[in-house]
2 protein chains.
Amino acid sequence: MSDLLERLRGRGWRMTAQRRVVAEVLDGEHVHLTADEVHARAVAKLPEISRATVYNTLGELVSLGEVLEVTTDKRAKRYDPNAHRPHHHLVCAHCGAIRDVHPTGNPLADLPSSERFGFTVSDVEVTYRGLCPDCAAA
Amino acid sequence: MSDLLERLRGRGWRMTAQRRVVAEVLDGEHVHLTADEVHARAVAKLPEISRATVYNTLGELVSLGEVLEVTTDKRAKRYDPNAHRPHHHLVCAHCGAIRDVHPTGNPLADLPSSERFGFTVSDVEVTYRGLCPDCAAA
DNA sequence: GACTTGACTTAGACATTGTCCAATGTAGGA
DNA sequence: TCCTACATTGGACAATGTCTAAGTCAAGTC
């Protein structure tokens with residue numbers, strides 16, 4: 001919970017009301033919010049917070065590795081506070097619903113060095129696509 | 001080459017100059033173009049083509065399964081004409097360079113049904129991230 | 001070849017998402 | 001308490017994509 005705030009303080013973050021609110025919004029939610037949704041919820045707690053600050057703060061949280069950026073669709077980036085447990089995503093192609101999933105296997109190991117073209121590969125993002133039960137029924 | 005045009009005609013596409021140009025641009029390029037880049041190249045061949053038409057046509061090509069939509073970064077969607085050979089992507093986190101890669105293994109098989117939450121999973125997109133040789137050297 | 005029709009294209013306004021900047025405010029140390 | 005560097009603000013701006021009304025044209029029909 002406020003583990004997050006503690007960690008941030010420990011990293012030399014200057015603690016402002018705005019940053020606390022953004023961290024709280026992410027910390028309290030186990031969903032995948034867009035920047036705008038984060039802003040909307042932050043405004044509910046602190047009406048004068050600006051959009052630029054939310055973007056800045058999200059960017060900083062991402063650089064610090066506290067939050068993951070997920071780009072499941074063409075629209076907005078989404079922010080996933082569940083950064084400390086590696087996982088991937090399952091997205092409904094119709095309604096956009098997102099679930100966290102934990103596949104077996106290790107995709108990084110599946111990329112032979114002959115297929116790496118000299119890149120230093122550090123990360124892999126797997127997005128499964130399909131229809132959620134509701135959309136499949138419709 | 002004009003296989004693509006033939007297939008499209010066979011599917012009842014009304015063949016217009018604009019659609020032919022967009023199909024040619026994609027067909028001739030083995031790279032990953034953004035919608036705007038496709039538009040720029042289409043304009044070179046047919047100056048009066050409009051942005052809306054390029055977007056429409058790209059959308060149709062994607063629905064028909066002739067072209068893949070790739071969202072490797074927050075910016076623009078990219079269009080990959082290599083839709084008939086399944087592959088994944090390796091992206092440089094610094095300069096955005098993209099390479100097609102062919103990992104071993106089958107990520108779809110790695111998602112147990114207990115992790116599918118009732119979804120009908122039909123597709124998987126794997127994006128490896130890292131640094132390309134040039135950016136790693138810098 | 002001319003006609004007809006409905007699908008296609010166009011230009012530009014609009015929407016969404018994200019970035020940037022100069023002016024102002026403030027957290028935290030001295 | 002005061003200072004100062006860092007953070008925030010608000011609004012302009014940029015990039016990407018969507019929508020619409022009006023005009024255009026491909027392809028079938030005669």
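Just so it is clear, the structure is predicted and the values come from calculations on it, not from any experiment. We name chains A, B, ... by the order of the sequence lines, and we start the count at 1 in each one. As a basis for the values below, the full set of heavy atoms in this structure was taken, side chains included, without hydrogen atoms, waters or symmetry mates.
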DNA chain C nearest-nucleotide lookup for Glu60(B) and Arg51(B): closer to the 5′ end is Glu60(B)
Closer to the 5' end of DNA chain C via nearest nucleotide, is it Trp13(A) or Asn56(B)?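 Its nucleotide being nearer the 5' end, the pick is Asn56(B).
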Looking at [N], I'd like to know if its phosphate oxygens (OP1 or OP2) sit under 4.0 Å from a side-chain N or O belonging to [X].
| X | N | value |
| --- | --- | --- |
| Tyr55(B) | dT18(D) | no |
| Thr16(A) | dT26(C) | no |
| Thr53(A) | dT9(D) | yes |

Just the rounded figure in Å: distance from [atom2] of [N] to [atom1] of [X].
| X | N | atom1 | atom2 | result |
| --- | --- | --- | --- | --- |
| Gln18(B) | dT24(D) | CD | C1' | 10 Å |
| Met15(B) | dA27(D) | CE | P | 7 Å |
| Arg78(A) | dT17(C) | CZ | P | 9 Å |
| His39(B) | dT18(D) | NE2 | P | 15 Å |
| Arg9(A) | dG28(C) | CZ | P | 7 Å |
| Leu8(A) | dA7(D) | CG | C1' | 15 Å |
| Leu46(A) | dT8(D) | CG | P | 10 Å |
| Ile49(B) | dC25(D) | CD1 | P | 14 Å |

Can you tell me how the ring of His87(B) sits relative to the ring of His102(B), calling it parallel under 30°, perpendicular over 60° and tilted otherwise? tilted
Which angle, rounded to 10°, do you find between the first-five-pair axis and the last-five-pair axis of the helix from dG1(C)-dC30(D) to dA30(C)-dT1(D)?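 Axis-to-axis angle, ends of the helix: 20°.
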Output all residues satisfying side chain to side chain contact (heavy atoms under 4.5 Å, CB included) with Asn106(B), sequence neighbours left out; order by chain, then residue number.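 For Asn106(B), the residues satisfying side chain to side chain contact (heavy atoms under 4.5 Å, CB included) (neighbours in sequence not counted) are Leu108(B), Ala109(B).
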Is any side-chain heavy atom of Tyr128(A) closer than 4.5 Å to one of Pro107(B)?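 The answer is yes; the side chains approach within 4.5 Å.
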What I want to check is whether an N or O donor and acceptor connect the side chain of Arg14(A) with the base of dA7(D) at under 3.5 Å. no
Let's go through Glu66(A) and Arg11(A) carefully: what are the C-alpha distance in whole Å and the side-chain angles of both, what is the deciding distance for salt bridge (charged side-chain N to carboxylate O under 4.0 Å, His left out) to 0.1 Å, and is it a yes or a no? CA-CA 12 Å; Glu66(A) 294 291 345; Arg11(A) 298 211 206 197; 3.0 Å; yes
